[in-house]
Undergrad: 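First the structure, which I've put down as structure tokens, then a few questions once you've had a look.
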Amino acid sequence: MTKLIIDAGTSWSKILEISCKADFKSIILSVNKDFQQYQIQESKFFYDKDNKKFFGNLFLIPSTLAATLPVEFDNATGHMVKKRIKSGGYYENEVISLAYGAKKLVKNLKDATIVDIGSRDLKWVQFIDGKYKDLDWNSSCGSVTGATVDMLCKFYNVDPNKISIQTEKIPLVCGVFAMEKIMDDISKNTPADIAIAKYLHGIAYNTWKFAKKPQKMYLSGGFCSNNCFTETLKLYCDVVPLGRYVLLKGLF
Amino acid sequence: MSKNKLIGMWGFPDPEILNQIKLKYPGFEIIDLDQNLNHPNTELLPDNSCKIIKNIVDNAVYLKNNLELIIASVGEEKCDAGRFAARILTELGFNIIETKYNKTCTKKIKIPVSTSDLPLKQKVLTIMDNIIVPVKKEFRIKKADYGFWGVPPNDISILDLFPDNTHVYGWTRCVEAGAPADLDLEMFVDENIPTVFYAQTFCAKMQLGKHLARKYNGLYLDVDDVASNSVKAKIEAFIRLG
């Protein structure tokens, strides 16, 4: 029987369909034919927490699309899905999902800080000698970070993969306040890609500081694939990108 | 609005004065103005004021016609903001009786509720109710696996997130011990028990909470009005992962 597991973030939903068939794709297509642009990210074997092997399909779709699908989920985490869980299923909060996902993905938890940067928040968990040690979650002053970068890149037609590191930073983590500074910078003839890179530097610095300045950071979330961000973060600490499915993997 | 005649109070008034008032005003209901009673925001205080002090002022103004007088804690057992609120309300025409109760502990303190098997919210509410009407009841002691340090939160629902084997520390424990200004007792925690250190945002106790959380490797939280989902998730994660 098909099971559906979801990490429903503010902008993007990460969904695992546990099935050999790809029924879920046809469900999405029945709602939105444009889904063809959001291909299955991976079809492969996964391992659950008891090390049992199963086959699944991994999807990455906008949360606005996920919200319209006529399905309920077996296990879920994230802001957008609390009321769409099957009877007998369960909801896990994001920090716990991050911690369980990290336990699965990070081999050596001797001294590990795992940080997830979402569209609108920032959270981290620290393990020492394999045991939980500390955590924090900032959803107000660290808000609208990833979403701001997405919006700016679209608005100024900047390819996020072609932004270069800037040593100067816009020292604000809140996207709402940063937007004003970035636009101010651009109005003074700073190229948009440079202004965005300065903001990325601000986010990188504040992320490192918020996570209590670790020497090494395991990074979770969409920023793992933003080269400018990860390289900027390396100015402060070693960085190990874990990808954007860490919370999802904490659910099975 | 309630038609009852009311005596308002906040903090921990001197018990002797409170008893005198009770005797002088039989039949009056005593109401703790610290609580969030969801009365309208008077905007008399700046936005960045402690929510508990805002509650005091907002509740008092809303209930003005029913309030015969207010017994106001203005000593070290409360805070400067409470002292200033007393002055502001006096200038607004309220009948305020100021009390200071800077008593510290004797060696043997009695804290049966803080260490009982009651749900945490019930523990905190019982301790606070006990200021007005002493509770004469036996409580079963339960070994602590978690700790909650701090004042009764404005958003009391966050206490529902803790298991029953959570002991109460900080100012609330001081209240139960009858020593609301005892800084040594306020700073005491069982260091091997994972503890959440809670303060109201803009309250000076944020300093103690953050310091103690760092010292004892606990979770520090300050919340202004209503706890956000992320605050609740942090508590849940701290308890589940700890």
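Each chain gets a letter, A, B and so on, in the order its sequence line appears, and its residues count up from 1.
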Undergrad: Would you find more than 12 non-hydrogen atoms of other residues, nucleotides or ligands less than 6.0 Å from Glu72(A) atom CD?
TA: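 Yes, enclosed.
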Undergrad: Evaluate whether atom CD of Glu180(A) has more than 12 neighbouring non-hydrogen atoms of other residues, nucleotides or ligands under 6.0 angstrom away.
TA: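 Result for CD/Glu180(A): open.
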Undergrad: Sequence neighbours left out, what pairs pass salt bridge (Lys or Arg N to Asp or Glu O under 4.0 Å) with at least one residue falling in residues 196-219 of chain B?
TA: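 Residue pairs passing salt bridge (Lys or Arg N to Asp or Glu O under 4.0 Å), neighbours aside: Glu186(B)-Lys205(B).
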Undergrad: Got a second to check how far Phe238(B)'s CZ is from Asp136(A)'s CG, nearest 0.5 Å?
TA: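 Between Phe238(B) CZ and Asp136(A) CG, I get 12.0 Å after rounding to 0.5 Å.
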Undergrad: Does any backbone or side-chain atom of Leu221(B) lie under 4.5 Å from a heavy atom of chain A? Answer side chain, backbone, both or neither.
TA: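 Neither the backbone nor the side chain of Leu221(B) comes within 4.5 Å of chain A.
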Undergrad: For Tyr47(A), I'd like to know if atom OH has over 12 heavy atoms of other residues, nucleotides or ligands within 6.0 Å.
TA: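 No, because the 6.0 Å sphere around OH of Tyr47(A) holds 12 heavy atoms or fewer from other groups.
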Undergrad: Taking only residues at least two apart or on different chains, which pairs with a member in residues 218-230 of chain B satisfy salt bridge (Lys or Arg N to Asp or Glu O under 4.0 Å)?
TA: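 Non-adjacent pairs meeting salt bridge (Lys or Arg N to Asp or Glu O under 4.0 Å): zero.
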Undergrad: Is atom NZ of Lys169(A) surrounded by more than 12 heavy atoms (other residues, nucleotides or ligands) closer than 6.0 Å?
TA: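 For Lys169(A), atom NZ is crowded (more than 12 foreign heavy atoms under 6.0 Å).
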Undergrad: Identify the residues of residues 235-252 of chain A whose heavy atoms come closer than 4.5 Å to a heavy atom of chain B, ordered by number, or report 'none'.
TA: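 The residues closer than 4.5 Å to chain B amount to none at all.
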Undergrad: If the contact rule is any heavy atom under 4.5 Å from chain B, which residues of residues 92-110 of chain A qualify, in numerical order?
TA: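 At a heavy-atom separation under 4.5 Å, chain B is reached by Glu92(A), Asn93(A), Val95(A), Ile96(A), Ala99(A), Tyr100(A).
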Undergrad: Need one label for Lys123(A): side chain, backbone, both or neither, based on atoms under 4.5 Å from any heavy atom in chain B.
TA: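 Answer is neither: Lys123(A) stays 4.5 Å or more from chain B.
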Undergrad: Could you state the interatomic distance from OG (Ser228(B)) to CG (Asn138(A)), rounded to the nearest 0.5 Å?
TA: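 The OG atom of Ser228(B) sits 9.5 Å away from the CG atom of Asn138(A).
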Undergrad: Could you check whether atom CG of Asp47(B) has more than 12 heavy atoms from other residues, nucleotides or ligands sitting under 6.0 Å from it?
TA: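 Counting neighbours around CG of Asp47(B), 12 or fewer heavy atoms of other residues, nucleotides or ligands fall under 6.0 Å, so no.
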